[in-house]
Amino acid sequence: MKYSLQTRCIHLEQEQKEADTEHYGAVSFPIYQTATYAHPKLGESTGYDYSRLQNPTRSHLEQVVAKLEYGIDAFALSSGMAAITLLMELFQPGDHFLVEGDLYGGSIRLFNHVNQKNQYQFSYLNFEQDDIEANIQENTKAIYIETPTNPMMHVSDIEKIAKIAKKHNLLFIVDNTFLSPYFQNPLLLGADVVIHSGTKFLGGHNDTLAGFIVTNREDVQERLRFLIKTTGAGLAPFDSWLLLRGIKTLALRMEQAQKNAQEIAEWLAQQKEVKRVIYPGLKSFPQHALMKKQARGFGTMLTFEMGNAEQARVILDHISLIKFAESLGGVETLMTYPTTQTHADVPEEVRLKNGITSATLRLSTGIEDVKDLLADLEQAFSNFK
Ligand SMILES: *Cc1c(COP(=O)(O)O)cnc(C)c1O
């Protein structure tokens, strides 16, 4: 590709070509707020028939995201969960899945409370430690991971798992939400499908829900086109435009938020009330080298454990600039309490086994001046003195 990643977030070749000709030179891609399209003649189509099937604004966004992830196609859905729900329609009753045990809580809720009733079977693994091949059954059809995971930052070796998936003819799916295409491209490392919650880094402003499926396999692409047309959870034109706008600043936001995460992680590691800090950018992080091998950055998410639940509560009660809110990946710094928020539906024994205790806090750094973020944390921690 001709341009660097920073430039491509703003100017994809496609975008320039279309803007020059079809859209009166509009620099911002137009919002096609239409449900249907008139046909020139019987048997002819403009290429667009009905917006459940295709809409120019959504199609443009899909091409942008496909290019950023090096896929042949992308699908824009109304949320990350809508994307994962659609993806699971690729499978049949009786199919078995190997799934990362420390997944986003909403994905586990979907698998256990919706997909299981359709006779899908799930084995939850720790992909850092468990023997993957030993868990493959005759009916295993796919491997589904996140790396780093949410919130414990397990890092799995994408290339290694891709080799196993190829050998056993399994579809290899990576939810790449946590690093965004700016820092990691699983399809280039051998994955077949990438999932994004576009609500997070791609949108970037905590104002729009969106989700993506990206693939480089033609059979998957063809089936997903049929499924999106049939089930109807495609992203609306205006929301597609908001995502296009968000992606233009992806590079700047990721760089600034990552810098903030690194400084805050180092500061937290020095506080005596903090038992441990889990951030891939810390030299002490066990999978630091693997992160460096397969990603271009360490991300903006960090998890830390206070001495006990009461100390975690004190922090949540006293942060002020930093908001106590679910979600991540936006310009605002947010703190999450996984036990009652993102992971409330994960069975307690699974949660504790994964190391998520009532003293665990998760931080998604935004792009504020880090001095202000550190001052907010300092005043929250001053309640212990
Ligand atoms: C938020 C999130 C999702 C779900 O996306 P929504 O847009 O909230 O539906 C899926 N995976 C990960 C890793 C997430 O952080």
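Whatever order the structure lists them in is the order used to number ligands and atoms, beginning at 1. Note that the structure is predicted; figures quoted are calculated from it, not measured.
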task: Around atom 6 (P) of ligand 1, find the nearest protein heavy atom and jot down its residue, atom name and distance.
output: G80 N, 3.3 Å

message: Would A210 count as a contact residue for ligand 1, given that I'm defining contact as a non-hydrogen atom of the residue lying under 4.0 Å from a ligand atom?
response: yes

field: Protein residue, atom and distance nearest to atom 4 (C) of ligand 1, heavy-atom basis
entry: Y104 CE2, 3.4 Å

- prompt: Is the distance between the ring centroids of H96 and F122 under 6.0 Å?
  reply: no

message: Evaluate R58 against D239 for salt bridge (Lys or Arg N to Asp or Glu O under 4.0 Å), listing each step before the verdict.
response: CA-CA 9 Å; R58 189 168 78 221; D239 291 357; over 6 Å; no

- prompt: For L209 and ligand 1, does the shortest N/O to N/O distance drop below 3.5 Å?
  reply: no

task: Go through ligand 1 atom by atom and flag the ones less than 4.0 Å from a non-hydrogen atom of T199.
output: 6 (P), 7 (O)

message: Regarding N260 and T365, do their side chains bring together a donor and an acceptor under 3.5 Å, going by distance alone?
response: no

message: Checking contacts here: is it the side chain or the backbone of L103 that comes within 4.0 Å of ligand 1, counting heavy atoms only? Could be both or neither.
response: neither

- prompt: Which residue owns the protein heavy atom closest to atom 14 (C) of ligand 1, what's the atom, and how far is it?
  reply: K200 NZ, 2.9 Å

task: Run the numbers for me: atoms of ligand 1, each under 4.0 Å from some heavy atom of D175, listed by number.
output: 10 (C), 11 (N), 12 (C), 13 (C)

- line: Separation between OH (Y144) and CZ (F172), nearest 0.5 Å, reads 11.5 Å

- prompt: How far does CD1 of I132 sit from CG of N126, to the nearest 0.5 angstrom?
  reply: 9.5 Å

- line: One finds that the ligand 1 atoms under 4.0 Å from a non-hydrogen atom of L328 are 15 (O)

- request: Taking only heavy atoms of S197 into account, list the atoms of ligand 1 that are under 4.0 Å away from them.
  value: 1 (C), 2 (C), 3 (C), 4 (C), 5 (O), 6 (P), 7 (O)

message: Return the CG to CG distance between L61 and L244, rounded to the nearest 0.5 Å.
response: 4.5 Å

message: Between F298 and L179, is the side chain to side chain contact (heavy atoms under 4.5 Å, CB included) condition met? List the steps.
response: CA-CA 8 Å; F298 301 111; L179 286 183; over 6 Å; no

- request: Could you establish whether T342 and ligand 1 come within less than 4.0 Å of each other, counting only heavy atoms on the residue side?
  value: no

- prompt: Hey, would you say the F29 and H23 ring centroids sit under 6.0 Å apart?
  reply: yes

query: For M81 and ligand 1, does the shortest N/O to N/O distance drop below 3.5 Å?
result: yes

